[in-house]
Chemist: 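Following this message is one structure expressed as structure tokens.
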Number of protein chains: 2
Amino acid sequence: MSAPGLVSLVGAGPGDPDLLTRRAAQRLAEADLVLYDALVSPATLALATRAQRFYVGKRCKNHAMAQETIHRLMVRAARRGCRVVRLKGGDPFVFGRGAEEALALQAAGVPFEVVPGVSSALAAPALAGIPVTHRGVAAAFTVVSGHDAATWQPIVDALRPGSSTLVVLMGLGSRAAIAAALQARGWAASTPCAVLLGASTPEAATWTGTLDRLGEAPIPEGAADAPGTLVVGEVVAVGDRLSGRTPSEEPAAVTAAGAARRHSWQR
Amino acid sequence: MSAPGLVSLVGAGPGDPDLLTRRAAQRLAEADLVLYDALVSPATLALATRAQRFYVGKRCKNHAMAQETIHRLMVRAARRGCRVVRLKGGDPFVFGRGAEEALALQAAGVPFEVVPGVSSALAAPALAGIPVTHRGVAAAFTVVSGHDAATWQPIVDALRPGSSTLVVLMGLGSRAAIAAALQARGWAASTPCAVLLGASTPEAATWTGTLDRLGEAPIPEGAADAPGTLVVGEVVAVGDRLSGRTPSEEPAAVTAAGAARRHSWQR
């Protein structure tokens with residue numbers, strides 16, 4: 001082929017293919033090659049009917065493919081005139097090295113575009129009824145990766161306790177350490193928290209409780225490495241009201257009366 | 001009609017109808033009634049082919065309709081069996097009172113759902129080539145509304161300078177005050193900044209510069225009340241590299257060599 005190719009860095013959203021953008025679905029339908037990550041669902045991949053599909057994902061420290069190899073695959077295919085979709089869970093420019101890949105494409109002189117996606121940082125809370133902002137409760141939110149302490153500890157240190165809703169992506173395995181660090185920094189033990197598993201998928205499950213119990217939130221066997229979102233802040237109590245996870249409308253009573261229900265998983 | 005209605009609180013994304021989710025497009029196509037806000041584009045509304053459409057938006061302090069009236073309209077239509085779409089710019093649970101409306105629906109016993117959308121807080125930077133996180137540059141981002149100082153000042157005070165990318169929605173008119181407050185708090189005058197107008201629309205335009213010049217960013221006549229996104233942090237320099245807004249790859253040289261180009265608007 002002589003026509004120039006194109007690499008689309010596409011956000012796949014939280015998992016449900018109905019939460020893809022229309023442009024993402026279009027790019028998948030037209031793609032010759034799809035390079036996808038661990039958090040992309042089979043139903044989403046199925047939209048790429050004419051493409052070769054390769055798994056190039058990373059999961060914790062178990063990289064399926066070196067970053068440089070991913071760059072080389074994209075560049076080579078685009079130079080052959082292929083339409084390449086680089087498909088990433090959530091939004092391509094929220095964690096996950098999207099901009100590194102874009103810089104590599106730019107350095108190679110390969111045309112590329114960014115197709116923003118629905119980030120789990122917003123969608124996971126929203127689908128559990130939790131608004132990341134709410135008038136009189138939270139006027140801002142901060143999103144951080146929980147993947148390793150070198151990343152999240154400086155943010156915990158930099159943020160005044162309770163000033164902002166805190167959303168942690170990839171933090172299931174670190175939940176006890178993060179909860180301890182937040183309390184050491186001065187966040188109240190009674191701060192409402194949520195653990196959100198598999199948002200938008202049939203396996204979606206929600207746990208809510210308080211910061212002093214977050215470390216004990218019973219994650220199902222094998223799920224500690226699964227996609228999960230932590231939310232810390234008073235907005236979680238708003239979500240409990242909205243989702244009927246507690247019968248009371250009184251924030252003070254929510255913690256007490258709703259405690260039993262709020263400490264079990266709900267689907 | 002006797003079938004129960006449904007209210008869908010739907011995120012319309014940043015403006016381009018191709019950045020709607022597939023579910024949002026589906027809900028619009030099926031809707032009997034659409035209640036939409038100021039930031040929703042005509043091309044998006046056009047997807048609601050069979051619906052009655054009402055503008056109920058708010059713009060600054062000029063409310064088209066009282067919040068209680070919006071609640072009443074939604075409840076009444078749903079009780080008549082209508083499929084109602086409450087369409088909000090970006091994501092329905094990021095600012096904009098989405099959860100307040102959900103609470104009103106819940107109190108009235110009306111079935112509702114949340115359809116997450118692509119937030120401008122992420123899409124506006126991404127479409128200008130700016131990643132809100134980037135390895136070795138920013139490991140977190142904070143999103144705040146710039147609508148009034150009572151909202152953003154506490155967040156500026158609560159966040160250690162430079163610790164996180166700062167994204168300000170609805171902050172065009174406050175850009176000078178926010179820039180001054182950040183510098184007073186200790187953010188470096190040389191911190192890269194971006195002003196992003198009309199992201200994803202044909203009127204999209206990008207200005208990048210430094211924090212000490214942010215207040216002087218020349219906003220086009222009449223645009224101070226328009227949708228706009230501010231980004232403050234070193235990731236803006238990554239976006240300059242990616243978008244060719246500066247010829248140099250050296251962060252130190254970017255500010256100097258690229259200054260002339262970086263202080264003009266680019267489409």
Side-chain angles (χ1 to χ4, degrees), chain A residues 11 13-14 16-23 25-26 91-100 102-103 106 114-119 121-123 125-127 129-135 139-145 150-152 154-155 157-160 163-164 200 235 238-239 241-242 244, chain B residues 11 13-14 16-23 25-26 91-100 102-103 106 114-119 121-123 125-127 129-135 139-145 150-152 154-155 157-160 163-164 200 235 238-239 241-242 244:
Chain A
D16 183 338
D18 283 348
L19 294 177
L20 280 175
T21 65
R22 286 156 30 112
R23 181 169 298 152
Q26 186 70 27
D91 180 274
F93 268 17
V94 174
F95 307 114
R97 299 190 168 195
E100 288 177 57
L103 286 167
Q106 189 199 37
V114 179
V115 181
V118 171
S119 173
L122 307 180
L127 293 169
I130 302 169
V132 289
T133 66
H134 191 63
R135 203 159 51 111
F141 61 96
T142 296
V143 179
V144 65
S145 162
T151 303
W152 57 256
I155 305 302
D157 293 341
L159 192 64
R160 188 173 300 165
S163 59
S164 160
S200 91
V235 291
V238 178
R241 283 171 59 191
L242 253 180
Chain B
D16 183 338
D18 283 350
L19 293 178
L20 281 174
T21 65
R22 284 155 33 111
R23 182 170 296 152
Q26 187 69 29
D91 181 274
F93 269 16
V94 175
F95 306 114
R97 301 190 167 194
E100 288 177 57
L103 286 166
Q106 189 199 38
V114 179
V115 181
V118 172
S119 172
L122 306 179
L127 293 169
I130 302 169
V132 289
T133 65
H134 191 62
R135 202 160 52 112
F141 61 97
T142 296
V143 179
V144 64
S145 163
T151 303
W152 57 257
I155 304 303
D157 294 342
L159 192 64
R160 189 173 299 166
S163 59
S164 159
S200 90
V235 291
V238 178
R241 283 171 60 192
L242 254 181

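Below, all heavy atoms of this structure are taken into account, side chains as well, without hydrogens, waters or symmetry copies. Chain naming here is simple, since letters A, B, ... match the order of the sequence lines and numbering starts at 1 in each.
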Chemist: Pick from A:Ala123, A:Gly98, A:Ala139, A:Ala121: which one has the most heavy-atom pairs with chain B under 4.5 Å?
Modeler: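 Result: the option with the highest number of such pairs is A:Ala139.
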Chemist: If every non-hydrogen atom of B:Arg22 is compared with every non-hydrogen atom of A:Ala25, which pair is closest and at what distance?
Modeler: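 It is CD-CB, 3.7 Å.
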Chemist: Does A:Leu103 reach the side chain of B:Leu242, with side-chain heavy atoms less than 4.5 Å apart?
Modeler: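 They are in side-chain contact.
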Chemist: Do the side chains of A:Leu122 and B:Pro116 get nearer than 4.5 Å, heavy atoms only?
Modeler: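 No. Closest side-chain heavy atoms not under 4.5 Å.
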Chemist: Report the relative orientation of the aromatic rings in A:Phe141 and B:Phe141; use parallel for angles under 30°, tilted for 30 to 60°, perpendicular for over 60°.
Modeler: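 Because their plane-to-plane angle is over 60°, the rings of A:Phe141 and B:Phe141 count as perpendicular.
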Chemist: Once rounded to the nearest 0.5 Å, what's the spacing between atom OG1 of A:Thr133 and atom CZ of B:Arg97?
Modeler: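 Going from OG1 on A:Thr133 over to CZ on B:Arg97, the span is 11.5 Å.
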Chemist: Chain B: which of A:Val115, A:Val94, A:Val238 shares the most heavy-atom pairs with it under 4.5 Å?
Modeler: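 Option with the greatest count: A:Val94.
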Chemist: Just how far is it from atom CZ of A:Arg23 to atom OG1 of B:Thr21, taken to the nearest 0.5 Å?
Modeler: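 Separation between the atoms: 14.0 Å.
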Chemist: Is the closest side-chain heavy-atom distance between A:Glu100 and B:His134 below 4.5 Å?
Modeler: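 They are in side-chain contact.
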Chemist: Could you tell me which of A:Asp18, A:Thr142, A:Asp157 has the largest number of non-hydrogen atom pairs under 4.5 Å with chain B?
Modeler: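 Ranked by contacts with chain B, first place is A:Asp18.
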Chemist: Is chain A contacted by the side chain of B:Leu159, its backbone, both, or neither, given a heavy-atom distance below 4.5 Å?
Modeler: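 Contact with chain A is through both the backbone and side chain of B:Leu159.
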Chemist: Relative to chain B, which segment of A:Pro17 carries a heavy atom at a distance below 4.5 Å: side chain, backbone, both, or neither?
Modeler: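 Contact with chain B is through both the backbone and side chain of A:Pro17.
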Chemist: Which atoms of B:Pro125 are under 4.5 Å from chain A, going by heavy atoms: the side chain, the backbone, both sets, or neither?
Modeler: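 Neither the backbone nor the side chain of B:Pro125 comes within 4.5 Å of chain A.
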Chemist: Could you give me the CA-CA distance, side-chain angles and deciding distance for A:Val235 and B:Phe93, then say whether side chain to side chain contact (heavy atoms under 4.5 Å, CB included) is met?
Modeler: CA-CA 11 Å; A:Val235 291; B:Phe93 269 16; over 6 Å; no
Chemist: Using a cut-off of under 4.5 Å for heavy-atom pairs, which of A:Gly11, A:Ala102, A:Gly239, A:Ala126 has the most such pairs with chain B?
Modeler: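 Of the candidates given, the most pairs with chain B belong to A:Ala126.
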